[in-house]
Engineer: 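Structure incoming, see below.
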Amino acid sequence: MKAQESNCRKGLIRISLIPLLLFALLNFSQAQSHTNPYIIVLGTAQDGGYPQVGCTKNCCDLAWKYDSLKRYVVSLALVDSVSQKWWLFEATPDFKYQLQLFRELTKQKYKYLPEGIFITHAHIGHYTGLMELGREVMDTREMPVFVLPRMASFLQKNGPWSQLIRLKNIIIHPLYTDSVIALENNISIETFTVPHRDEYSETAGFRIITPQKKYLFIPDINKWDKWDRKIVAEVKNVDVAFLDGTFYSNNELPGRKIEEVPHPFIPETMELFKNEDAATRSKIYFIHFNHTNPVLWDKEIRAIVNVKGFHISAQGEGL
């Protein structure tokens, strides 16, 4: 525990009386060279967000105090300014804040709610925001929710999610492994599965295909070598790859078995790409950071990742 507190203390980013929204706006304004359609990053943290409930260590201490250090749970918005439509990837516990963030970043040019929501799997950071669509809050009408079969079954058979379906707050749109669906203006979504702790559902990854760019979205996976695809080849086949960066090392969870929550450590992923050219490495944007991950608060660690040619996803950036 003391070692972990020492790690958390080292290199803390001591900035910020800037509000969280302003921080996101600055990131977004710096990325206005994006093409259309494009992605906005609405959250970068693991399921518990940053700071995480119950964390009183130095790694979370400043984030409790300063809004600009807070990070929402991992989520993306896919935006098409031609059709004036957008789609959400993941319905997180920070759902209401992320809708407001999107509204502010896009200057209220789009409908408040997305055209549909794509969900990867049934871990709490990825689907529980659906509760905001229920009659207790928004009472939406037939919001399309795109999920794989086991995820669909989980929502249909378990309350309160089943009530959302019964009252037609949401409508399930089934996805299938290794299939592609079309959205608008030659935008399509390819769905595939990745190995993960599939207690309640399978785990999806998405390839978002637009006329200008292709994006890979894999926020959760056990280890790259457990997958039946080669991650290096997959990254080479896209322009931007949002990859699981949950942990930096195996000493982040003292008192717990990190093997019970397997993820590829960021250095493991960087090692896989060490012999690839700079253009390939620069496609990778790590995302889904646990609150213990030093890339959130350690300037030296962030510098190591950046110097090697990789990116740390920033909340509010457009790509």
Side-chain angles (χ1 to χ4, degrees), residues 6-16 18 20 22-35 38-46 50-51 58-60 62-63 66 68-76 213-221 224 231-232 234-236 238-252 263-319:
S6 175
N7 287 340
C8 289
R9 185 178 298 110
K10 180 182 178 183
L12 281 169
I13 303 172
R14 298 185 178 277
I15 57 175
S16 57
I18 311 170
L20 179 58
L22 179 56
F23 182 84
L25 285 167
L26 289 171
N27 274 325
F28 187 70
S29 65
Q30 292 167 1
Q32 289 303 296
S33 61
H34 54 64
T35 58
Y38 64 99
I39 293 289
I40 300 176
V41 178
L42 297 180
T44 63
Q46 181 263 5
Y50 179 70
N58 288 305
C59 50
C60 286
L62 283 180
Y66 301 127
S68 69
L69 294 179
K70 293 184 169 82
R71 296 293 177 265
Y72 298 143
V73 179
V74 64
S75 179
L76 304 178
K213 286 185 177 181
K214 296 178 182 178
Y215 303 86
L216 192 65
F217 182 49
I218 307 177
D220 275 286
I221 191 170
W224 298 120
I231 187 55
V232 173
E234 294 298 317
V235 169
K236 287 182 175 180
V238 298
D239 299 283
V240 177
F242 297 101
L243 301 186
D244 185 342
T246 307
F247 298 115
Y248 194 84
S249 68
N250 62 4
N251 64 355
E252 291 182 38
H263 292 272
F265 303 131
I266 287 177
E268 290 179 341
T269 303
M270 293 193 297
E271 180 68 16
L272 286 175
F273 285 85
K274 71 176 183 180
N275 294 323
E276 303 303 324
D277 59 27
T280 299
R281 296 196 304 275
S282 69
K283 295 178 179 183
I284 295 175
Y285 287 73
F286 291 109
I287 205 164
H288 195 265
F289 308 122
N290 196 58
H291 69 291
T292 58
N293 193 324
V295 299
L296 285 167
W297 38 262
D298 189 321
K299 291 181 289 186
E300 294 178 7
I301 295 294
R302 293 173 68 89
I304 290 171
V305 175
N306 293 149
V307 165
K308 291 185 177 182
F310 303 89
H311 301 280
I312 298 164
S313 293
Q315 184 165 297
E317 70 182 331
L319 295 164

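FYI, the numbering just counts along the sequence from 1. Since the model is a prediction, treat every value here as computed from it, not as a measurement.
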Engineer: To the nearest 0.5 Å, what is the distance between CG on Leu243 and CD1 on Ile266?
Structural biologist: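 Taking CG in Leu243 and CD1 in Ile266, the distance rounds to 10.0 Å.
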Engineer: Give every residue pair that meets the salt bridge (charged side-chain N to carboxylate O under 4.0 Å, His left out) criterion with at least one member in residues 269-281, sequence neighbours excluded.
Structural biologist: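 Listed once each, the pairs are Lys236-Glu276, Glu271-Lys274.
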Engineer: List in chain and number order the residues that pass ring-ring contact (aromatic ring centres under 6.0 Å, His included) with Tyr248, two or more places apart in sequence or in another chain; answer none if no residue qualifies.
Structural biologist: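 None.
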Engineer: Rounded to the nearest 0.5 Å, what separates atom CG in Leu69 from atom SG in Cys59?
Structural biologist: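 Here the rounded value is 12.0 Å.
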Engineer: Nearest 0.5 Å, please: how far is CD1 in Ile284 from CG in Leu216?
Structural biologist: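 Those atoms lie 9.5 Å apart.
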Engineer: Do the non-hydrogen side-chain atoms of Tyr50 and Trp297 ever get within less than 4.5 Å of each other?
Structural biologist: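 Result yes, sub-4.5 Å side-chain heavy-atom pair found.
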Engineer: Answer whether the closest heavy-atom distance between the side chains of Leu76 and Phe242 falls below 4.5 Å.
Structural biologist: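 In short, these two side chains touch, coming nearer than 4.5 Å.
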Engineer: At their closest point, which heavy atom of Leu272 faces which heavy atom of Val232, and how far apart are they?
Structural biologist: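 So the minimum-distance heavy-atom pair works out to O-CG2, 3.8 Å.
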Engineer: Are Pro264 and Ile221 side-chain neighbours, meaning at least one heavy-atom pair lies under 4.5 Å?
Structural biologist: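 The answer is yes; the side chains approach within 4.5 Å.
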Engineer: In the structure I gave you, are the side-chain heavy atoms of Asp239 and Lys283 within less than 4.5 Å of one another anywhere?
Structural biologist: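 A side-chain contact under 4.5 Å is absent here.
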Engineer: Under the criterion side chain to side chain contact (heavy atoms under 4.5 Å, CB included), which of His291, His288, His263, Arg71 is the partner of Gln46?
Structural biologist: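 The single option meeting the side chain to side chain contact (heavy atoms under 4.5 Å, CB included) with Gln46 is His288.
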Engineer: With sequence neighbours left out, what residues match Asn293 under side chain to side chain donor-acceptor pair (under 3.5 Å)?
Structural biologist: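 Partners of Asn293 by the side chain to side chain donor-acceptor pair (under 3.5 Å) criterion come out as none, since no residue qualifies.
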Engineer: Please give me the minimum heavy-atom distance between Phe289 and Gly245, naming the atom from each residue.
Structural biologist: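 That closest heavy-atom pairing would be CD2-O, 3.3 Å.
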Engineer: Test of understanding: with side-chain contact (heavy atoms from CB on, under 4.5 Å), list the residues that count as partners of Ser249, not counting sequence neighbours.
Structural biologist: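 If we apply the side-chain contact (heavy atoms from CB on, under 4.5 Å) test to Ser249, skipping adjacent residues, the hits are Asn251, Glu252.
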Engineer: Got a second to check how far Leu319's CG is from Tyr285's OH, nearest 0.5 Å?
Structural biologist: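 The CG atom of Leu319 sits 4.5 Å away from the OH atom of Tyr285.
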Engineer: What pair of heavy atoms forms the shortest contact from Val235 to Phe273, and how long is it?
Structural biologist: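 Taking every non-hydrogen atom into account, CG2-CZ, 3.6 Å.
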Engineer: Can you give each donor-acceptor pair under 3.5 Å made by side-chain atoms of residues 305-314, sequence neighbours left out, with the distance rounded to 0.1 Å?
Structural biologist:
| residue | atom | partner | partner atom | Å |
| --- | --- | --- | --- | --- |
| Asn306 | ND2 | Phe310 | O | 3.1 |
| His311 | NE2 | Ser282 | O | 3.0 |
| Ser313 | OG | Phe286 | O | 2.8 |

Engineer: Dump the intermediate steps for side-chain contact (heavy atoms from CB on, under 4.5 Å) on Phe247 and Val295, then the final yes or no.
Structural biologist: CA-CA 9 Å; Phe247 298 115; Val295 299; over 6 Å; no
Engineer: Answer yes or no: is there a side-chain heavy-atom contact under 4.5 Å between Leu42 and Tyr72?
Structural biologist: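 The answer is no, as the side chains (C-beta and beyond) never meet within the 4.5 Å cut-off.
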Engineer: What closest approach, in Å, do Asp244 and Pro219 show between heavy atoms, and which atom pair accounts for it?
Structural biologist: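 Looking at all heavy atoms of both residues, the closest pair is CG-O, 3.3 Å.
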Engineer: Measure the spacing between CD of Glu317 and CD1 of Ile39 and express it to the nearest 0.5 Å.
Structural biologist: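 Rounded to the nearest 0.5 Å, the CD-CD1 separation comes out at 11.0 Å.
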Engineer: The criterion is side chain to side chain donor-acceptor pair (under 3.5 Å); which residues satisfy it with Thr44, sequence neighbours excluded?
Structural biologist: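 Expected list: none.
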Engineer: Minimum heavy-atom separation for Tyr215 and Tyr38, please, with both atom names.
Structural biologist: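 Heavy-atom minimum between the residues: OH-CA, 3.6 Å.
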Engineer: Is there a donor-acceptor pair closer than 3.5 Å between any side-chain N or O of Lys70 and the backbone N or O of Ala63?
Structural biologist: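 Side chain of Lys70 to backbone of Ala63: a pair is present.
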